[in-house]
There are 2 protein chains.
Amino acid sequence: MARPARPDLAAMMVPLGRSLIAAELPILQSHDLKMWAYIVLLELREEPTRTQAALAQAIGADKTRIIGVLDELAERGLIRRTPDPQDRRARLLAITPAGKRLRDAVQRDIQANEERLLARLAPADRRGFLRGLQFLAELPPEEIAG
Amino acid sequence: MARPARPDLAAMMVPLGRSLIAAELPILQSHDLKMWAYIVLLELREEPTRTQAALAQAIGADKTRIIGVLDELAERGLIRRTPDPQDRRARLLAITPAGKRLRDAVQRDIQANEERLLARLAPADRRGFLRGLQFLAELPPEEIAG
DNA sequence: TATTGTTATACTCTATAACTATA
DNA sequence: TATAGTTATAGAGTATAACAATA
């Protein structure tokens with residue numbers, strides 16, 4: 001068989017993803033935020049989440065893994081975690097104004113660095129890259145497995 | 001701050017990469033190949049590698065991590081691992097014809113599934129996506145960190 | 001009895017340190 | 001003494017199992 005026209009997608013995507021994470025870490029650190037904490041703040045963007053288990057599932061984490069993260073975020077006043085009066089087993093999770101400000105500041109820095117990279121692509125490639133990536137990233141995993 | 005126009009690149013790339021790996025696993029399994037073994041076979045595509053440490057570095061692994069992988073590949077006759085006559089501390093690594101056949105068969109299956117996904121993109125997006133991804137994946141990590 | 005959140009435990013992956021053999 | 005490879009050990013991250021509170 002001749003050499004394939006391109007490497008496997010995962011072979012390109014995984015190391016690149018790792019490098020992008022490495023680029024995020026110093027930014028997160030400068031805001032004293034762990035990666036999982038940032039992911040939680042992003043997920044709480046839209047509306048309050050009803051249970052911790054739902055939040056964990058939404059971000060692809062185990063429910064036991066985010067407990068410490070939520071502890072620290074709540075302690076710093078970046079989220080509110082209140083028992084649901086309707087069902088006092090559950091905790092209502094919501095981001096606070098301070099949490100929003102921090103989240104947005106971090107994301108601005110992260111995307112500023114990413115824009116620096118994307119600027120090196122030809123405009124048509126940049127557009128296609130982002131459109132393709134967004135489309136594929138929104139596919140459910142089982143559709144990717146085939 | 002308004003909602004950003006797009007998610008962070010890593011936030012799209014990392015889960016997508018995970019899904020793509022999940023899609024590879026059953027294919028690898030059907031050929032009785034571990035992920036690291038496949039990565040090694042891919043890296044030995046071009047020319048023999050002079051040392052195990054160099055191979056490990058090339059694929060982003062620790063040198064202690066690939067020893068068992070090389071053991072099994074050699075035992076199955078998919079690679080040759082011979083002491084360098086010039087420096088008998090080092091091991092010359094090369095893929096065998098059987099290794100090439102297996103590697104190519106696996107890659108065919110993997111890329112066939114990927115083509116199924118890429119086919120869902122508009123032609124211009126598909127082209128831009130692949131060109132952008134290939135360009136960014138070839139950047140050295142320190143250039144991505146900025 | 002079932003579910004939410006929590007704590008305690010075990011497992012997997014990976015890196016670090018110590019060892020053998022060659023140089 | 002320095003290096004390639006190997007083996008043994010330790011660490012980080014993650015998942016599994018058991019538990020307390022509430023329904």
Side-chain angles (χ1 to χ4, degrees), chain A residues 10-11 14-15 17-22 24-26 28-29 33-40 43-44 48-75 79-94 141, chain B residues 10-11 14-15 17-22 24-25 28-29 33-40 43-44 47-75 79-94 141:
Chain A
V14 173
R18 255 196 280 274
S19 294
L20 288 168
I21 286 184
E24 291 190 7
L25 289 182
L28 290 167
Q29 208 161 12
L33 212 56
K34 303 267 178 60
M35 175 63 78
W36 278 115
Y38 176 57
I39 294 173
V40 165
E43 177 60 26
L44 295 179
T49 303
R50 243 189 48 274
T51 71
Q52 297 184 183
L55 172 65
Q57 189 181 15
I59 62 179
D62 193 272
K63 65 174 179 170
T64 62
R65 219 159 67 196
I66 61 170
I67 292 177
V69 176
L70 297 177
D71 286 345
E72 196 189 322
L73 285 173
E75 197 177 333
I79 66 170
R80 270 180 303 103
R81 177 161 59 163
T82 52
D84 183 347
Q86 250 58 54
D87 178 350
R88 290 179 40 219
R89 292 173 302 180
R91 309 267 176 276
L92 296 173
L93 303 168
Chain B
V14 172
R18 256 195 279 274
S19 294
L20 288 168
I21 286 184
E24 291 191 6
L25 288 181
L28 289 167
Q29 208 161 14
L33 212 56
K34 304 266 176 61
M35 176 62 78
W36 277 115
Y38 176 57
I39 294 172
V40 164
E43 177 61 27
L44 294 178
E47 65 270 341
T49 302
R50 245 187 47 273
T51 71
Q52 296 184 183
L55 172 65
Q57 189 182 15
I59 62 179
D62 193 272
K63 64 173 180 171
T64 63
R65 219 161 65 195
I66 62 170
I67 291 176
V69 176
L70 297 178
D71 286 345
E72 196 188 322
L73 286 173
E75 197 178 334
I79 66 169
R80 270 180 303 103
R81 177 161 59 162
T82 52
D84 184 346
Q86 249 58 55
D87 178 349
R88 290 179 39 218
R89 292 173 302 184
R91 308 266 176 278
L92 296 173
L93 302 168

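In what follows, every heavy atom counts, from backbone to side chain, and hydrogens, waters and symmetry copies are set aside. In what follows, chains are A, B, ... by sequence order, proteins preceding strands, each numbered from 1.
Note: CG (A/L25) to P (D/dG13) measures 11 Å, nearest angstrom. Rounded to whole Å, the distance from CD1 on A/I59 to C1' on D/dT14 is 14 Å.
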### Task
Evaluate the side-chain contact (heavy atoms from CB on, under 4.5 Å) criterion for residues B/L93 and B/R80: first the C-alpha distance (whole Å), next the side-chain angles of each, then the deciding distance (0.1 Å), finally the verdict.
CA-CA 6 Å; B/L93 302 168; B/R80 270 180 303 103; over 6 Å; no

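Taking each heavy atom of A/T49 and A/A54 in turn, the nearest pair found is CG2-CB, 4.1 Å. Minimum heavy-atom separation, A/A94 to A/L44: C-CD1, 4.3 Å. Contact detail for B/A90 and B/T51: the closest heavy-atom pair is CB-CG2, 4.2 Å.
In this structure, CG in B/L55 is found 10.5 Å from CD1 in B/I39, a value given to the nearest 0.5 Å. Between B/Q29 atom CD and B/K34 atom NZ the span is 10.0 Å, to the nearest 0.5 Å.
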Please enumerate all protein N or O atoms sitting under 3.5 Å from an N or O of nucleotides 2-7 of chain D, with distances to 0.1 Å.
| unit_1 | atom_1 | unit_2 | atom_2 | d |
| --- | --- | --- | --- | --- |
| D/dT3 | O4' | B/R89 | NH1 | 3.4 |
| D/dT3 | O2 | B/R89 | NH1 | 2.9 |
| D/dG5 | OP1 | B/Q52 | N | 2.7 |
| D/dG5 | OP1 | B/R91 | N | 3.2 |
| D/dG5 | OP2 | B/Q52 | N | 3.0 |
| D/dG5 | OP2 | B/A53 | N | 3.0 |
| D/dG5 | N7 | B/K63 | NZ | 3.4 |
| D/dT6 | OP1 | B/R81 | NH1 | 3.2 |
| D/dT6 | OP2 | B/Q52 | OE1 | 3.2 |
| D/dT6 | OP2 | B/Q52 | NE2 | 2.5 |
| D/dT6 | OP2 | B/R81 | NH1 | 3.4 |

Atom pairs under 3.5 Å, N or O on each side, protein against nucleotides 12-14 of chain C: can you list them with distances?
| unit_1 | atom_1 | unit_2 | atom_2 | d |
| --- | --- | --- | --- | --- |
| C/dT14 | O5' | B/R65 | NH1 | 3.4 |
| C/dT14 | O3' | B/R65 | NH1 | 3.0 |

Acceptor/donor pairs from residues 59-71 of chain A side chains to any protein atom, 3.5 angstrom cut, sequence neighbours excluded:
| unit_1 | atom_1 | unit_2 | atom_2 | d |
| --- | --- | --- | --- | --- |
| A/D62 | OD1 | A/T64 | N | 3.0 |
| A/D62 | OD1 | A/T64 | OG1 | 2.7 |
| A/D71 | OD1 | A/R81 | NH2 | 2.4 |

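Side-chain contact between B/R91 and B/T82 is absent, with no heavy-atom pair separated by less than 4.5 Å.
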